[in-house]
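Worksheet: one structure, shown below.
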There are 2 protein chains.
Amino acid sequence: MSYKIKSRIWIESDNNVLLGEGRVHLLKAIQETGSLSKAAKSLNISYKKAWQLLDSVNRSAKKPVTINSIGGKGGGGAELTDYGKSLINAFDEINKNCWAFLDQQLEKIEAL
Amino acid sequence: MSYKIKSRIWIESDNNVLLGEGRVHLLKAIQETGSLSKAAKSLNISYKKAWQLLDSVNRSAKKPVTINSIGGKGGGGAELTDYGKSLINAFDEINKNCWAFLDQQLEKIEAL
DNA sequence: TTTCGTTATATCCGTGCAAATATAACGATT
DNA sequence: AATCGTTATATTTGCACGGATATAACGAAA
């Protein structure tokens with residue numbers, strides 16, 4: 001059994017976390033369900049936690065990541081902006097590149 | 001104020017954590033003080049936590065990372081093996097390389 | 001054989017965080 | 001004006017985790 005190298009990356013803005021893996025999961029779920037409460041259910045996290053995460057994301061980002069509407073048809077909903085969609089794509093790409101980079105670096109440990 | 005990208009990496013062996021930043025700090029402190037209890041004090045963590053970390057490191061590694069002696073001159077002590085010293089050097093190097101790699105990748109986010 | 005400072009381990013206990021719960025606010029549709 | 005399912009918050013509750021504490025085990029040296 002050989003060693004494995006793992007990583008977690010996140011992006012900060014002015015010392016606040018903007019994006020991490022959990023937040024990206026949440027944004028993807030919002031994209032699929034069109035609602036924050038449904039996204040929370042699909043991820044098995046409380047609505048409170050989901051709301052706090054999304055609020056933090058939007059307060060940290062330079063431009064809005066989601067548009068949340070209260071009331072109206074169906075009670076409201078949440079959807080990603082174009083900026084939000086671009087962010088999660090870029091994050092996923094960086095994350096995959098990082099994994100590949102680290103797997104290659106791991107040889108330095110295996111060789112010891 | 002622009003975005004910053006941060007990361008945490010760790011190495012696992014058979015689903016147990018072998019090395020992370022905290023464990024490397026602990027090993028360095030052991031190297032400097034020659035004792036697990038002094039290392040814990042210097043890091044402001046409880047002896048219990050330090051002992052649990054070190055025990056986990058040694059149980060996860062393929063070869064011993066420290067030699068711990070109980071009793072004897074001065075009551076005992078702990079010191080790094082050559083393997084242990086190599087491990088922390090390799091980990092530091094990989095970590096620095098990872099930071100540099102991610103800083104370069106961050107441009108993909110800034111460009112959005 | 002007594003002393004010493006360490007490693008090694010069990011037990012207790014407080015608290016901080018997160019889940020659960022409750023509820024207000026909202027606006028399009030009917 | 002009444003309804004509806006959301007978003008947006010405050011308040012309460014429960015429990016897991018870590019810190020603190022206590023103590024056993026150990027072996028070289030005096």
Side-chain angles (χ1 to χ4, degrees), chain A residues 8 10 15-18 20-61 63-81 83-85, chain B residues 8 10 15-18 20-61 63-81 83-85:
Chain A
R8 192 140 291 174
W10 66 97
N15 290 331
N16 297 313
V17 175
L18 164 64
E21 288 188 10
R23 290 163 194 244
V24 167
H25 278 151
L26 178 62
L27 292 177
K28 286 178 179 172
I30 290 173
Q31 193 171 25
E32 287 166 7
T33 62
S35 140
L36 179 54
S37 67
K38 282 178 191 156
K41 280 204 185 81
S42 82
L43 294 183
N44 268 345
I45 61 176
S46 66
Y47 174 82
K48 175 190 173 184
K49 181 166 185 175
W51 180 83
Q52 286 175 333
L53 280 173
L54 181 58
D55 186 53
S56 167
V57 167
N58 276 316
R59 277 189 289 102
S60 304
K63 298 190 260 181
V65 174
T66 64
I67 305 261
N68 308 331
S69 45
I70 318 172
K73 180 177 63 177
E79 60 177 354
L80 294 197
T81 62
Y83 183 61
K85 292 174 191 168
Chain B
R8 191 141 292 173
W10 67 96
N15 289 332
N16 297 314
V17 175
L18 165 63
E21 288 187 12
R23 290 162 194 244
V24 167
H25 278 151
L26 178 62
L27 292 177
K28 287 179 179 171
I30 290 172
Q31 193 171 24
E32 288 165 6
T33 62
S35 142
L36 179 55
S37 66
K38 284 179 191 156
K41 280 202 185 82
S42 82
L43 294 183
N44 268 346
I45 61 176
S46 66
Y47 175 82
K48 174 190 174 184
K49 182 167 184 175
W51 180 83
Q52 286 175 333
L53 281 172
L54 182 59
D55 186 52
S56 168
V57 167
N58 277 317
R59 277 190 288 102
S60 303
K63 297 190 262 180
V65 173
T66 65
I67 306 261
N68 308 331
S69 45
I70 319 173
K73 179 178 65 177
E79 60 177 354
L80 295 197
T81 62
Y83 183 61
K85 293 174 191 170

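Sequence lines set the chain letters: A, B, ... in the order given, protein chains first and strands last, and positions in each chain run from 1. Note that the coordinates shown come from a computational prediction; the quantities given were computed from them, not determined experimentally.
- Residue-to-nucleotide proximity on DNA chain C shows that, of L54(B) and S46(A), the 5′-proximal contact is made by L54(B).
- Of the inter-residue distances, the one linking Q31(B) atom CD with L26(B) atom CG reads 11.5 Å to the nearest 0.5 angstrom.
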Could you walk me through whether L36(A) and T66(A) pass side chain to side chain contact (heavy atoms under 4.5 Å, CB included), step by step?
-> CA-CA 10 Å; L36(A) 179 54; T66(A) 64; over 6 Å; no
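- Both G71(A) and N68(A) lie close to DNA chain D; mapped to their nearest nucleotides by heavy-atom distance, the more 5′-ward contact belongs to G71(A).
- Atoms OG and CZ, on S56(A) and R23(A) in that order, are 3.5 Å from each other to the nearest 0.5 Å.
- In this entry the distance linking OH of Y47(A) with C1' of dA18(C) reads 17 Å, nearest Å.
- For DNA chain D, the outermost nucleotides in 5' to 3' order that have an atom under 4.0 Å from a heavy atom of chain B are dG19(D) to dA28(D).
- The stretch residues 34-45 of chain A touches DNA chain D through S35(A), L36(A), S37(A), K38(A), each having a heavy atom within less than 4.0 Å of the strand.
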What do the steps show when you test L53(B) against V57(B) for side chain to side chain contact (heavy atoms under 4.5 Å, CB included), and what is the final call?
-> CA-CA 6 Å; L53(B) 281 172; V57(B) 167; 5.5 Å; no
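- The line from CG of L27(A) to OG1 of T81(A) is 9.0 Å long, rounded to the nearest 0.5 Å.
- Scanning all heavy atoms of the two residues, the minimum distance from A50(B) to I45(B) falls at CB-CD1, 3.8 Å.
- Remark: side-chain polar atoms of N58(A) are not paired, donor with acceptor, to backbone N or O of P64(A) under 3.5 angstrom.
- Looking at every heavy atom in both residues, S60(A) comes nearest to N16(A) through OG-CB, 3.4 Å.
- Atom NZ of K48(B) and atom P of dA10(C) are 10 Å apart (whole Å).
- Nearest heavy-atom pair across A78(A) and N68(A) is CB-OD1, 3.4 Å.
- Residue whose closest nucleotide on DNA chain D sits further toward the 5' end, between K49(B) and G75(A): G75(A).
- The minimum heavy-atom distance between A40(A) and Y47(A), with the atom names listed, is CB-CA, 4.0 Å.
- Side-chain atoms of S35(A) and T33(A) include no donor-acceptor pair closer than 3.5 Å.
- Within the helix from dT1(C)-dA30(D) to dT30(C)-dA1(D), the inter-axis angle between the opening and closing five-pair segments is 0°, rounded to 10°.
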